[in-house]
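Single-structure report; data block below.
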Amino acid sequence: MIYADKTTGVIVQGATGRQGSFHIQLMNQYAGSVGGTGVVAGVTPGKGGSLVHGIPVYSSVSDAMDNHEATAAVLFVPGPAAGDSIMEAADAGIELVVAVTEHIPVHDVMRATAYADAKGCRVIGPNCPGILSPGECSLGIMPSHLYRRGDVGVISRSGTLTYEVVHELSRAGIGQSTVVGIGGDPVIGQTFVDVIDQFSEDPLTKAVVLLGELGGNLEEDGALRAEEKDIPVVAFIAGTSAPPEKRMGHAGAIVSGGEGDARTKIRRLKENGVPVASRLSEIPPMIKHYL
Amino acid sequence: MKILEHEAKVIFKQSSIRIPKGCIIGKEDEFKSYQKKLAELGPDIVVKAQVDIGGRGKAGGVRMATQETARETIEDLFSKKIAGLPVTRLLIEERLGILHEYYVSITIDRAAKMPVILFADTGGVDIEETAKKNPAALRRAYVYPLLSDVPQYIRRYLTGSAPSEIGETINRLYLVFMAHDALLAEINPLVTTNEGVYAADAKLIIDDNALYRQGIKENRDLTGRERLAEEQGFSFVELDGTIGVIGNGAGLTMATVDLITNSGGRAANFLDVGGGASRDRVSYAVRMLGEIPRVAVIVVNLLGGITRCDEVAQGIVDAGVTQKIYVRLAGTNEEEGRKILSEHGYEMLDTMEEVVTAAVRAVS
């Protein structure tokens, strides 16, 4: 598994909101079921001293860090304040921030990821479902009952599409090492390339499913890195029937200035020898070939 | 959201980027009401349609005129459509004595996660053509996003032998880009004249996620139906087919639209209801599609750990639309959902491929 494991202590930023408190409960249920550490503290400015599902809440990340062992943070803070919260976590010594929040202004993401980078903190997301390593840990909002432990890594720009594929993989008897939702925004912290680098150091992972979509060309970069690192990859690209200049749900899913349309992306991947599934149901048999 | 030229120029001017003297007129304005302002622009003028398209010049949206031919040119442009768009406003400007034209744009590079500045010695033309024909004329530089100004060495690298005022203007454009949450800030052409450097044109696109702090209340880029959907927290894009699509999550909804296309059908729309698909929201979404005349059938494809299938099923039933609905639900309470749907004559299928196949067959 990559990024985190059973021993990882987690802080939740935006702990007292509806989403934050709901997912603290789910993440800790999962941690309990696998004997992991899970969420040890919450942070909401001004709400220090309260409890959420039995977890103490602090007013700042550094207060939480003074009282608990934590290396990761999961962020549910609303968009306008989220960039700031990423920087706060990085400043307090958090090594991994999983930013679930959607609708963060892209300039805030650009500044916050540059700042986190300078502090040696990795950011996953924003606008992502987080990461889940079956049997180890869940940081984010992924529905854990669909997952089973195994040797396939999954990297995805999307949430529900990931669940759909994980569901298909699990039903076909193919388990997952770590599933990483890198987020649907134009600027994100960890990209396909970074996650491939992590998988290349992971003895458990034998092959990787790369779930991309229209917009940008980070999928192609990730596939090239996988080839360099000798990791077999099967790709799927959503958005082949999307019209240009229209944002398809994700802020990053837009064909703009002729760049990043899904068909071109698929063609480039195939030219580089990457097998690309044309429907989701083809992914399990294609990946099985490499196991 | 795309900002029109005359609005972008107001923003540029506030940031000390020099713009040509000009005035903005509406289709309903009487000639007499702006005749005086027009006369102040000098003998030679440029009349520019304020329509939001690329290649506006080529499409006939920019005309050269004189004081004598002004009225005729204005009336002619108002009577035309430019690339299919009606012209409701014109920007009329003084004609500059141009010595040289340059190109500059700033966008965000996804891989570098930084603003990237593109500069070319030849402006006024299609930059992609320049990139192909004369790649050496095009220079590119990244700016670390925590810097407050474009460093001098980057300005020198970009502008080469161009006057130093060009470098200053690039920095001012960078300040506009950063302060206004821009996804694109472009001047094409950026021109030198005997009076100094001018932004002859202006393009600005603001991040939709930052409109709230840029004082923009309504996103003009959305159609009426798209705006209505946004108020509900949906992502909605109109397409031109006959199969309505409702999904949760952008990726899964896109994949559903793609699967319809690959199976020989055409989707009428993309509608992502987002997380927490409740009874009311699903019902609203179904009714929204039900009201679109070209929608013949509707595909609902919802998947999620926390989506309650009985709630969703009830929402579909509540909507009571006349179109046939093909439903795929996966989540909690699946059996209750299936029961509710079948009691009301709706069919629930197990996989995404099954619903799509059934819907495509129904319309073909």
Side-chain angles (χ1 to χ4, degrees), chain A residues 22 26 79-80 103-111 113-115 118 141-146 156-164 167 184 186-189 191 211 213-218 221 236 238-243 246-253 256-258 262 278-281, chain B residues 54 107-111 113-115 128 144-146 177-178 181-184 205 207-210 212-213 221 234-241 247-255 257-263 266-267 270 272 274-276 301-307 330-331 351-353:
Chain A
F22 179 71
L26 287 188
H103 301 308
I104 309 180
V106 66
H107 280 255
D108 290 3
V109 179
M110 206 163 52
R111 292 189 188 99
T113 50
Y115 189 84
I141 61 171
M142 289 181 175
S144 57
H145 67 277
L146 299 175
S156 173
R157 275 169 71 184
S158 147
T160 45
L161 184 65
T162 316
Y163 314 155
E164 179 83 42
H167 190 46
V187 174
I188 50 175
T191 61
L211 296 174
E213 59 193 34
L214 72 156
N217 45 29
L218 298 179
D221 295 347
F236 175 85
T240 47
S241 42
K246 279 286 183 184
R247 191 169 68 154
M248 302 301 278
H250 286 151
S256 172
S278 55
R279 351 184 125 211
L280 295 175
S281 56
Chain B
T107 54
I108 290 172
D109 185 282
R110 294 183 185 215
K113 304 174 207 176
M114 291 186 208
E128 274 138 33
Y144 186 64
L146 299 178
F177 182 83
M178 296 305 271
D181 281 299
L183 300 180
L184 167 77
I205 300 177
D207 178 9
D208 289 352
N209 286 338
Y212 74 93
R213 64 182 182 198
D221 289 355
F234 300 160
S235 293
F236 180 77
V237 176
E238 295 218 32
L239 305 168
D240 53 11
N248 63 337
L252 184 65
T253 311
M254 256 191 282
V257 170
D258 292 345
L259 189 58
I260 288 172
T261 312
N262 294 341
S263 308
R266 290 174 70 84
F270 162 98
D272 166 14
N301 183 19
L302 299 177
L303 168 80
I306 56 169
T307 302
T351 67
M352 172 169 161
E353 299 221 2

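Side chains included, hydrogens not; waters and symmetry mates left out as well; all remaining heavy atoms used.
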Below 4.5 Å from any heavy atom of chain A, which atoms of B:D221 appear? Answer side chain, backbone, both or neither.
backbone
Side chain / backbone / both / neither for B:F177 at chain A, heavy atoms under 4.5 Å
both
By a 4.5 Å heavy-atom criterion (distance strictly below it), what part of A:S278 contacts chain B: side chain, backbone, both, or neither?
backbone
If I measure from the heavy atoms of chain B, does A:S158 come under 4.5 Å with its side chain, its backbone, both, or neither?
side chain
Side chain, backbone, both or neither: which part of A:E213 has an atom under 4.5 Å from a heavy atom of chain B?
side chain
Of the backbone (N, CA, C, O) and the side chain (C-beta and beyond), which part of A:V106 lies under 4.5 Å from a heavy atom of chain B, both, or neither?
both
Bottom line for B:F236: the part with an atom under 4.5 Å from chain A's heavy atoms is neither
Assert top hit (heavy-atom pairs under 4.5 Å, partner chain A, pool B:N209, B:D109, B:L259, B:T107) equals B:N209
Checking heavy atoms, do the side chain of A:L211, its backbone, both or neither come under 4.5 Å from chain B?
neither
Chain B contact via A:Y115 - which portion, at a heavy-atom distance below 4.5 Å:
both
With a 3.5 Å distance limit and no angle check, can you tell me whether B:S235 reaches the backbone of B:D272 through a side-chain donor-acceptor pair?
no
Should the pair A:D221-B:R110 be classified as a salt bridge under the 4.0 Å nitrogen-to-oxygen rule?
no
Contacting moiety of B:V237, where chain A heavy atoms sit under 4.5 Å
side chain
Proximity breakdown for B:M178 and chain A, heavy-atom pairs closer than 4.5 Å:
both
Relative to chain B, which segment of A:T191 carries a heavy atom at a distance below 4.5 Å: side chain, backbone, both, or neither?
side chain
Tell me, side chain or backbone of B:R213 under 4.5 Å from chain A's heavy atoms, or both, or neither?
side chain
